[in-house]
Amino acid sequence: GAVVSQHPSWVICKSGTSVKIECRSLDFQATTMFWYRQFPKQSLMLMATSNEGSKATYEQGVEKDKFLINHASLTLSTLTVTSAHPEDSSFYICSAPTASGIYEQYFGPGTRLTVT
Amino acid sequence: GENVEQHPSTLSVQEGDSAVIKCTYSDSASNYFPWYKQELGKGPQLIIDIRSNVGEKKDQRIAVTLNKTAKHFSLHITETQPEDSAVYFCAASSNTGKLIFGQGTTLQVKP
């Protein structure tokens, strides 16, 4: 099946710093990617839709100035958490629809962010 | 807004028994219903999906049923094995591709 990778798999940063997470589609092109956040023992919550060549669209309640999304190419989307705080500590997961359409999506392995 | 309710939150079965997880959705425009398996510390893995023009789909020990009128869909796992133990999520989406997830079910299969 389609493969989506994320880098890094885990990261620890100090409060107030910024951290970038990469999401790559390895064997297909993705004009759209989705970013989710998952707190421990909770479900996945959609944060934003990343669109290649245009601005990302954010879900209600998600601060676009804090979570910067850049979809630089058809295989790469990045999420930058700016001025991170301990409450931003979470599991960040991206997904990408396959070439077969927007329905079937494959998820990356996730990035564990810990802000100290 | 769109909402997906999933039950039960935890499910414990003996190896070889069947497991059933149920979800309901609120958005009548939803037309795609995937199920994901998530192991600890990993991303969700698509295990089966169904579209709104189909009532049932089966893949070996896994089956999904959809009742559009009642806005219900269910995951059925037969002959459960210890390696089936994980968290399972249902989700629903419309033509936007945005997935709305259920709360998750922790399935424990006892050997």
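Proteins come first, then strands; the chains are lettered A, B, ... in the order of their sequence lines, and each starts at number 1. All figures in this text were calculated on a predicted structure; none of them were measured in a lab.
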Query raised in the report: How many angstroms lie between atom CE of A:Met45 and atom CZ of B:Phe101, to the nearest 0.5 angstrom?
Result: 10.5 Å

Requested in this report: Give the minimum heavy-atom separation between A:Ser43 and B:Gly102, together with the two atoms involved.
Outcome: OG-O, 2.6 Å

Query raised in the report: Is the number of heavy atoms from other residues, nucleotides or ligands within 6.0 Å of NZ (B:Lys68) greater than 12?
Result: no

Query - A:His85 NE2: over 12 foreign heavy atoms closer than 6.0 Å - result: yes

Requested in this report: Would you check if A:Phe107 and B:Gln38 make a side-chain contact, meaning some heavy-atom pair closer than 4.5 Å?
Outcome: no

Requested in this report: Would you indicate whether A:Lys66, at its atom NZ, is surrounded by more than 12 heavy atoms from other residues, nucleotides or ligands within a distance under 6.0 Å?
Outcome: yes

Query raised in the report: Based on non-hydrogen pairs under 4.5 Å, which of B:Leu46, B:Leu99, B:Asn31, B:Val87 is most in contact with chain A?
Result: B:Leu99

Query - Heavy-atom proximity to chain A below 4.5 Å, by part of B:Pro34 - result: neither

Query raised in the report: Without hydrogens or angle criteria, can the side chains of A:Gln42 and B:Gln103 be said to hold a donor-acceptor pair below 3.5 Å?
Result: no

Query - B:Phe89 and A:Gln38, any side-chain heavy atoms less than 4.5 Å apart - result: yes

Requested in this report: Please look at A:Gln6 and chain B and tell me whether the side chain, the backbone, both or neither of the residue comes under 4.5 angstrom of a heavy atom of that chain.
Outcome: neither

Query raised in the report: Any link between A:Tyr36 and A:Leu68 through a network of hydrophobic side chains (Ile, Leu, Val, Met, Phe, Trp, Tyr) touching at under 4.5 Å?
Result: no

Requested in this report: Using a 4.5 Å cut-off on heavy atoms from C-beta on, say whether the side chain of A:Gln105 contacts that of B:Tyr36.
Outcome: yes

Requested in this report: Following the transitive rule for hydrophobic clusters with a side-chain heavy-atom cut-off under 4.5 Å over Ile, Leu, Val, Met, Phe, Trp and Tyr, establish whether B:Val13 and B:Val20 coincide in one cluster.
Outcome: no

Requested in this report: Can you measure from CZ (A:Phe34) to NZ (B:Lys98) and round to the nearest 0.5 angstrom?
Outcome: 8.0 Å

Query - Co-membership, hydrophobic cluster, residues B:Tyr25 and B:Ile48, 4.5 Å side-chain - result: yes

Query raised in the report: Under 4.5 Å between side-chain heavy atoms, hopping through other hydrophobics if needed: is there a path connecting A:Met33 to B:Tyr32?
Result: no

Query raised in the report: Are A:Val115 and A:Ile93 connected in a single hydrophobic cluster, I mean Ile/Leu/Val/Met/Phe/Trp/Tyr linked by side-chain heavy atoms less than 4.5 Å apart?
Result: no

Query raised in the report: Where on A:Leu44 is there a heavy atom nearer than 4.5 Å to chain B: the side chain, the backbone, both, or neither?
Result: both

